[in-house]
Each structure stands twice: as C-alpha cells, then as structure tokens.
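A short worksheet on the structure shown next.
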Amino acid sequence: MTIELPTAVESQLKQAARARGISISEYVERLVAETNLRDARIAEFRAAISERMISLRAGERVDGEEVMAHLMDDLPAR
C-alpha cells in the first residue's frame, strides 16, 4: 500500500524510525498500536469516572488521598 504524506511528515517518520533502528513500516505499526492502547485506557478511565460520579450522586464518599494514590498506581511508569 502507498500512502502519500507531506514531505516534512515523511522526513520525521524516517528520522524517528532510523533513530530506533527499525523500518518506517514497523514504526508506524508501533504508533498505531500505542494510539489504540492510549485510546482504550482513556475509554476505561472515562468509564471509571462515570461510575464514580454515579456513586457520588448516590451519596457514597471516599477519601480523596486514597483515590489519588489508586489513580497514580495505575499510571504507567515513565
């Protein structure tokens, strides 16, 4: 398959792939996989927030420090 890209974008893809020692195709595949994973995590986060909002409206309360600690534990290490 051929995809036409602006020259600047193509150059950035080549440079990023070369820096990682992989082909442009593999680099693009990784970008797509990372995007899909990020989108899935965002969807999970939104669902959790929605559930929490429902429980808050129902009167359930929790300690904010505990919630933040739990959220921080779920973040990937960088």
Side-chain angles (χ1 to χ4, degrees):
M1 169 173 52
T2 301
I3 299 174
E4 292 187 32
L5 300 169
T7 305
V9 172
E10 183 179 349
S11 177
Q12 289 175 343
L13 285 172
K14 285 180 181 178
Q15 184 178 4
R18 193 176 309 120
R20 289 161 178 79
I22 58 177
S23 69
I24 294 173
S25 178
E26 186 175 350
Y27 182 66
V28 170
E29 285 180 36
R30 288 182 183 184
L31 289 176
V32 169
E34 289 171 7
T35 299
N36 290 341
L37 179 60
R38 185 191 70 228
D39 290 349
R41 289 191 57 110
I42 290 170
E44 289 173 9
F45 180 75
R46 287 182 175 158
I49 294 295
S50 179
E51 288 176 26
R52 186 65 195 126
M53 292 303 294
I54 290 168
S55 65
L56 285 171
R57 287 186 193 113
E60 181 185 326
R61 301 282 185 241
V62 294
D63 179 76
E65 294 288 327
E66 184 180 321
V67 171
M68 284 306 295
H70 180 70
L71 288 173
M72 297 301 287
D73 287 343
D74 286 348
L75 291 175
R78 295 220 181 236

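All values below come from the heavy atoms of this structure, side chains included, with hydrogens, waters and symmetry mates left out.
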Just list the side-chain donor-acceptor pairs under 3.5 Å for residues 23-38, sequence neighbours left out, or say none.
residue	atom	partner	partner atom	Å
S23	OG	E26	N	3.0
E26	OE2	R30	NH2	2.9
T35	OG1	L31	O	2.8
N36	ND2	V32	O	3.4

Determine all donor-acceptor pairs shorter than 3.5 Å in which one atom belongs to a side chain in residues 5-19; sequence neighbours excluded.
residue	atom	partner	partner atom	Å
E10	OE2	K14	NZ	3.2

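Under the rule for a side-chain contact (heavy atoms from CB on, under 4.5 Å), the partners of E60 that lie at least two apart in sequence or sit in another chain are R52, S55, V62.
Distance CD1/I49 to CG/L56: 9.5 Å, rounded to 0.5 Å.
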